[in-house]
Amino acid sequence: MKKIVPHITIENCKEAIEFYQEVLHGEIQNTKLADGIEMFKGHEGKYIHAELHFPNGFAIYFNDVFGNEPIKGNNIEIGLDLESNEEINKIYNALSKDGQVKMELQDTFWNARYGKVTDKFGITWELNYQK
């Protein structure tokens, strides 16, 4: 495993990440709007992904709300940036056993293998292997 990344789903993501940038003195990077992506039609202007980076190599990922509004407190997920296809498959299978798959493990438009699982303890994990 390369790193663990907190991921915050929040209304008005652009406003929120700019606030956290000012408060925490981070640098906003890798923003991606929903504009022009078919599966996000109707959500133009919202961030599907944004990152706040810090000098020590730490980062927090953010995205706007798409669909059901999260309940405050469960709008943070743990993201694992994994090193191989074998590793992502192993972790995905282990976490999804007795858990709930939120997004099937699949190849994505951002050239990664990705899946989302809530484990048997109610913790939601985002799994990403950048190819």
Hey, is the main chain of [Y] close enough, under 3.5 Å, to the side chain of [X] for a donor-acceptor pair?
X: Asp119; Y: Leu95; result: no
X: Glu44; Y: Ala34; result: no
X: Asp81; Y: Lys3; result: no
X: Glu87; Y: Met1; result: yes
X: Lys46; Y: Val65; result: yes
X: Glu77; Y: Lys116; result: no

Results of ring pair (Phe, Tyr, Trp, His ring centres under 6.0 Å) for [X] - residues two or more places apart only:
X: Phe19; result: none
X: His49; result: Tyr61
X: Tyr47; result: none

Would you say [Y] ends up clustered with [X] if hydrophobic residues are merged whenever their side chains have heavy atoms under 4.5 Å apart, either directly or through other cluster members?
X: Trp125; Y: Tyr114; answer: no
X: Ile48; Y: Met103; answer: yes
X: Leu24; Y: Ile76; answer: yes
X: Val5; Y: Ile91; answer: no
X: Phe66; Y: Phe62; answer: no

Please give me the minimum heavy-atom distance between [X] and [Y], naming the atom from each residue.
X: Leu105; Y: Gly115; result: CD1-N, 3.7 Å
X: Asp35; Y: Gly45; result: OD1-N, 2.6 Å
X: Ile28; Y: Thr31; result: CG2-CG2, 3.5 Å
X: Ala112; Y: Asn128; result: CB-OD1, 3.4 Å
X: Phe58; Y: Pro6; result: CZ-CG, 3.9 Å

side-chain hydrogen bond (donor to acceptor under 3.5 Å, both in side chains) pairs, two or more places apart, involving residues 93-104: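 Applying side-chain hydrogen bond (donor to acceptor under 3.5 Å, both in side chains) to every pair that reaches into residues 93-104, excluding sequence neighbours, yields Tyr92-Glu104.
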
Selection residues 16-25 - residue pairs positive for side-chain hydrogen bond (donor to acceptor under 3.5 Å, both in side chains), sequence neighbours left out: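 For residues 16-25, and leaving out neighbouring residues, the side-chain hydrogen bond (donor to acceptor under 3.5 Å, both in side chains) pairs sorted by first residue read Lys14-Glu18.
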
Under 3.5 Å side-chain donor-acceptor pair for Tyr129 and Glu83: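 Looking only at side-chain atoms, Glu83 and Tyr129 do not form any donor-acceptor pair under 3.5 Å.
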
Side-chain donor-acceptor contact under 3.5 Å, Glu126 with His7: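 There is such a pair (donor and acceptor under 3.5 Å, judged by atom type) between the side chains of Glu126 and His7.
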
Lys131 and Asp107 ion-paired at < 4.0 Å: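 Looking at Asp107 together with Lys131, the answer is yes, because their closest N to O distance falls below 4.0 Å.
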
With Thr118 via side chain to side chain donor-acceptor pair (under 3.5 Å) - residues at least two apart: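 If we apply the side chain to side chain donor-acceptor pair (under 3.5 Å) test to Thr118, skipping adjacent residues, the hits are Thr124.
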
